[in-house]
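Everything numeric here is computed off the predicted structure, so don't read it as measured data. Residue numbers begin at 1 in each chain, while the letters A, B, ... track the order of the sequences.
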Protein chains: 2
Amino acid sequence: MTTPQLTKNQTLVFDVLEKAEGPLSAYTILDKLRDHGFRAPLQVYRALEKLLEYGVVHRLESINSFVACAHPGDDCHSHGIVAFAICESCGQVMEFHDHEVDHRLMEWVRGQKFKPEKTTIEIRGLCEACAA
Amino acid sequence: MTTPQLTKNQTLVFDVLEKAEGPLSAYTILDKLRDHGFRAPLQVYRALEKLLEYGVVHRLESINSFVACAHPGDDCHSHGIVAFAICESCGQVMEFHDHEVDHRLMEWVRGQKFKPEKTTIEIRGLCEACAA
DNA sequence: TTGCACACGTTATAGCATAACGCAATTGAT
DNA sequence: ATCAATTGCGTTATGCTATAACGTGTGCAA
Ligand SMILES: [Zn+2]
Ligand SMILES: [Zn+2]
Ligand SMILES: [Zn+2]
Ligand SMILES: [Zn+2]
């Protein structure tokens, strides 16, 4: 997916996510953009929808939040499943991928003749700093 | 986790999930139990909390739903990560696990000194019947 | 010009989850 | 037996997450 020129709202939402320390909920993004004229959740959700489509933002299903892609310009997303480690204490997110994991999962779905559309791998726990 | 005797509400919720064809949302469970005296979401959520703790029910993070464990009595959950394939057309869920996937993910977290608490693997797509 | 696609704004509503209070039953120690 | 702690339960209220439905304006191509 090639990323077209972002619109004004898409740029605002993306900038907020990029500058954030960790993942943000849609409503948190909304609050951060009230000064820029945002008034309603849909303004955020519509921008997020496009940013997700372009692959520059990821949705963390297990915490209903969104995060800027940590590998911009990388082509990893086109040939692999993205995985996340999420610290439940400080909110830090690590994005990674593992071809062997991808391969095993895709072997399994192939055996089941299952047609995958979107795969979620999220590990919640404590990062090194917080576990100490 | 050994499963103690379930309470009345826990039994009702679990029975609904066991008899269901696929995953159910908490509010769908609530509706199915109104005839049995359920009036409020908390009655469902409190039962689910225990059932999840006992490991007899799983939560599907990507679709905000709950499903009865497909491997009752199995000890797989104690030494591996559970994965799900969810058909977005018919709602059918396949629960499986793959030691190699577990191993690779745990290798990764060990390398990062990340302390995992709960891992989610969910593949959304189309089952064989629905993809045809 | 006309039709279409798209971004945007707004209001309302739907869907998911928990806080906070109080009561009753159970358990386990004194 | 009594008291305290724990647990389950019921209820009301609230908060968080997400989308439906309607209308506006703009740019572009047929
Ligand atoms: Zn990414
Ligand atoms: Zn941390
Ligand atoms: Zn299971
Ligand atoms: Zn299906």
Length of the line joining B:His36:NE2 and D:dC9:C1', which is rounded to integer Å: 17 Å
Atom-to-atom span, CG of A:Leu24 to C1' of D:dC16 - whole angstrom: 15 Å
Test item: B:Gln43 side-chain N/O and B:Ala40 main-chain N/O as donor-acceptor pair under 3.5 Å: yes
Sugar-phosphate, base or nothing in reach of A:Arg46, heavy atoms under 4.0 Å: base
Closest listed nucleotide, where the reference is the side chain of A:Asn64 and the choices are C:dC16, D:dT12, D:dA18: D:dA18
Test item: A:Glu122 side-chain N/O and A:Glu61 main-chain N/O as donor-acceptor pair under 3.5 Å: yes
Sole candidate of B:Ile123, B:Ile86, B:Thr120 that passes side chain to side chain contact (heavy atoms under 4.5 Å, CB included) when paired with B:Ser62: B:Ile86
Between D:dT11 (P) and B:Arg34 (CZ): distance, integer Å: 11 Å
A:Ile63 CD1 to C:dA17 C1', straight-line distance once rounded to whole Å: 16 Å
Residue whose nearest DNA chain D nucleotide is more 5′ - B:Gly37 or B:Gln10: B:Gln10
Student check: side-chain heavy atoms of B:Arg34 and B:Asp31 closer than 4.5 Å: yes
Protein-nucleotide distance (B:Ile29, atom CD1; C:dA17, atom P), rounded to Å: 10 Å
Selected nucleotide, minimal atom distance to B:Leu42 side chain, candidates C:dT10, C:dA19, C:dA7: C:dA19
Length of the line joining B:Leu12:CG and D:dC9:P, which is rounded to integer Å: 9 Å
Separation of D:dT17 C1' from A:Leu48 CG (nearest whole Å): 12 Å
Proximal nucleotide (of D:dT19, D:dC9, D:dG10) relative to the B:Gln43 side chain: D:dG10
Length of the CD-P vector between A:Glu61 and C:dC16, whole Å: 14 Å
A:Trp108 reachable from B:Leu126 in the ILVMFWY side-chain graph, under 4.5 Å edges: no
Nucleotide nearest A:Ala40 (side chain, heavy atoms from C-beta), chosen from C:dT10, C:dG9, C:dA7: C:dT10
Proximity to the side chain of A:Thr7 - top-ranked nucleotide from C:dA7, C:dT10, C:dA17: C:dA7
pi-stack flag for B:Tyr27 and C:dC16, centroid dist under 5.5 Å, interplanar under 30°: yes
Listed nucleotide nearest any side-chain atom of B:Phe66, set C:dG9, C:dA17, D:dC9: C:dA17
Presence of A:Lys8 side-chain N/O under 4.0 Å of C:dA7 phosphate oxygens OP1/OP2: no
